[in-house]
Structure formats: structure tokens, C-alpha cells
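Report on the structure given below.
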Protein chains: 2
Amino acid sequence: MPIFLPKEPSKKELLMTAVLYALSDEIRLGIVRQLAAKGEQPCGVFEVDRPKSSLSHHFRVLRESGVVATRKDGKALMNTLRQEDLDARFPGLLKAVLKG
Amino acid sequence: MPIFLPKEPSKKELLMTAVLYALSDEIRLGIVRQLAAKGEQPCGVFEVDRPKSSLSHHFRVLRESGVVATRKDGKALMNTLRQEDLDARFPGLLKAVLKG
DNA sequence: AGTTTAGTTCGAATTTATTCGAACTGTCGT
DNA sequence: ACGACAGTTCGAATAAATTCGAACTAAACT
């Protein structure tokens, strides 16, 4: 069975409640803050006190809500914050979340 | 046994993740939007397709996260959005959430 | 005192999220 | 071809949220 990365919602499909839910978890919020600070990063660099299957779950939530986009780069999966899409759909939200 | 309204966190105690979580539910977000639009309101005016015990649960989540403040006024409980506290602690967040 | 109104609290059922190990896929290096 | 590496997927356990009816409190009115 090939690996299926869950489909990321298009900009138009972004849902406020799903985005807020994804961001309402300390681990995921930490990931998002680090992506905002350092730019594109593979999953592996995040030092989280959880096994990789748990980390993978949190990335899935971030992807499915549309907060993060993932592209394959060799054997790594590179993650970026969907800043522009989020900003277009929910102006000011991400900035406010990252400040707090 | 007297009625205990759960304690509302002080401005300093507001937690980003708790606030985002509280706002990540359609019903609660609807309540918050209506409070923002119409100002202080008793629980009863919100037309939500849920029995009152469920509504009460959602108000509790909003209070415990610090999104809403509640005061007694006769037999009603009046709810207000804690706009100033939220704005002081998380500038721009509420505005962004209400716009979306 | 009794009734109505507003909303909470309790308890239990259901649903949904999180967690983790183990097995897997795909890519790279040797 | 064979490991090693990065990360996903599966499956099952645990934990947490939501839901609701029923019983309750407290204020207001008659």
C-alpha cells in the first residue's frame, strides 16, 4: 500500500473551527511556532517528547486542517506553514496566534 | 448544594490553547459571535439545537477558558465576551476570529 | 406557600482524540 | 541487493469531550 498523505484543504476549504482546533494543542502549536520561526522543516527536527507515530498523528491534524502543507523531498517530508492561505482566509489570525 | 459557577481565569491566567480550544466548536463560536454582535446576553436567548444541559456545558467551557464572563442578574445569568482581557493577552486574536 | 423561569449539576452513554508499538513504504547510501 | 533512515499506517488501549434526561437551586411572581 502506498503512503497516502491526507489531502490538504484548498484555501477556500479552510474551516475556522478546524484551524482553531488544530492550533489548540500545545504540541501542535509548538510545531507551528517553530515553522513560523525557522521556515520549512522536516518532521524529524521537532523535538517532541513523543514517539514518531504520535508526532505523525499531530502532523496529520495540522495538514487536514490546512495549517501545514507537506511536500516530499527525497526521503524527508518538508512541512511549511500555509501562511498566505491562512492570512487570505482568516486575516490576522495566524499573526495573533504566533504572538501569544 | 449551591450553584458553583466554575471560576473564570484572571486575565493573566488566560491560556492560548484553552481559548483556541473553546473557540474551535461551531456551537461555541456561534455563541461568541452573537455576544460580539449583540453584547451581554443571558444563556436563554441563544437558539441552539441542543437541550439546555448541553448548552450549559458549552457555556462552562467558554467560562473556564476565559472567553466569556458571567454575572448573575436576578434569575438570569448574563454573559459577556471578555474582549478587553482577551485583547490585552492575545492582541488581534478575537478580532480575527470574529471576522472569519 | 406554590409555580414558573433560568440555568446548573449529576450520572451515564456515546463519540471523538490521543497515545503507542509494530509493521510498513519509499528513498538514499554502500 | 541490503541496510539505514524518515515518516506513515494500522490496531487497540486509554483518555477526554460531548450529549442528554432527570434532579436540582435560586429568584421572581401570584
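Only a predicted model underlies this, so the values are computations on that prediction, with no experimental measurement involved. Each chain gets a letter, A, B and so on, in the order its sequence line appears, and its residues count up from 1.
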[X] [atom1] to [N] [atom2]: how many Å, rounded?
X: A:Glu64; N: C:dA17; atom1: CD; atom2: C1'; answer: 12 Å
X: B:Asn79; N: C:dT8; atom1: CG; atom2: C1'; answer: 13 Å
X: A:Tyr21; N: D:dA17; atom1: OH; atom2: C1'; answer: 9 Å
X: B:Leu55; N: C:dT8; atom1: CG; atom2: P; answer: 8 Å
X: B:His58; N: C:dT8; atom1: NE2; atom2: C1'; answer: 15 Å
X: A:Glu8; N: D:dT8; atom1: CD; atom2: P; answer: 12 Å

Suppose the criterion is salt bridge (charged side-chain N to carboxylate O under 4.0 Å, His left out): which pairs have a residue in [range], not counting sequence neighbours?
range: residues 25-49 of chain B; answer: B:Glu40-B:Arg71
range: residues 75-88 of chain B; answer: B:Arg82-B:Asp85
range: residues 89-100 of chain A; answer: none

Hey, what else clusters with B:Tyr21 if you join Ile, Leu, Val, Met, Phe, Trp, Tyr whenever side-chain heavy atoms sit under 4.5 Å?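 Its cluster mates, by chain and number, are A:Tyr21.
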
Apart from A:Leu15 itself, what residues make up its hydrophobic cluster when side-chain heavy atoms of I, L, V, M, F, W and Y under 4.5 Å apart count as a link, directly or indirectly? none

Using a 4.0 Å cut-off on heavy atoms, which residues in residues 25-48 of chain B reach DNA chain C? List them by number, or say none.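 Here the set is B:Pro42, B:Cys43, B:Gly44.
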
With sequence neighbours left out, write down each residue that passes side-chain hydrogen bond (donor to acceptor under 3.5 Å, both in side chains) with A:His57, or none if nothing qualifies. none

With sequence neighbours excluded, tell me which residues meet side-chain hydrogen bond (donor to acceptor under 3.5 Å, both in side chains) with B:Arg63.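 For B:Arg63 the side-chain hydrogen bond (donor to acceptor under 3.5 Å, both in side chains) partners, ignoring immediate neighbours, are B:Thr70.
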
Excluding sequence neighbours, so at least two apart, what forms side-chain contact (heavy atoms from CB on, under 4.5 Å) with A:Ser56? none

Apply side-chain contact (heavy atoms from CB on, under 4.5 Å) to A:Ser54 and list each qualifying residue two or more places apart in sequence or on a separate chain.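 If we apply the side-chain contact (heavy atoms from CB on, under 4.5 Å) test to A:Ser54, skipping adjacent residues, the hits are A:Arg50, A:Pro51.
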
Specify the residues of residues 71-78 of chain A, ordered by number, for which at least one heavy atom lies under 4.0 angstrom from an atom of DNA chain D.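 Contacts with DNA chain D under 4.0 Å: A:Lys75, A:Ala76, A:Leu77.
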
Roughly how far apart are B:Lys7 NZ and B:Glu64 CD, rounded to 0.5 Å?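 Between B:Lys7 NZ and B:Glu64 CD, I get 9.5 Å after rounding to 0.5 Å.
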
Reported CG-to-CD distance for the pair A:Leu77 and A:Gln41, which is rounded to 0.5 angstrom: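 Separation between the atoms: 13.5 Å.
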
side-chain N/O A:Arg63 vs D:dT8 OP1/OP2, d < 4.0 Å: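 Indeed, a polar side-chain atom of A:Arg63 lies that close.
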
What protein N or O atoms touch nucleotides 20-23 of chain D N or O atoms at under 3.5 angstrom, if any, and at what distances?
from, atom 1, to, atom 2, distance (Å)
D:dC20, OP2, B:Ser54, OG, 3.1
D:dG21, N7, B:Ser53, OG, 3.1
D:dG21, O6, B:Ser53, OG, 3.3

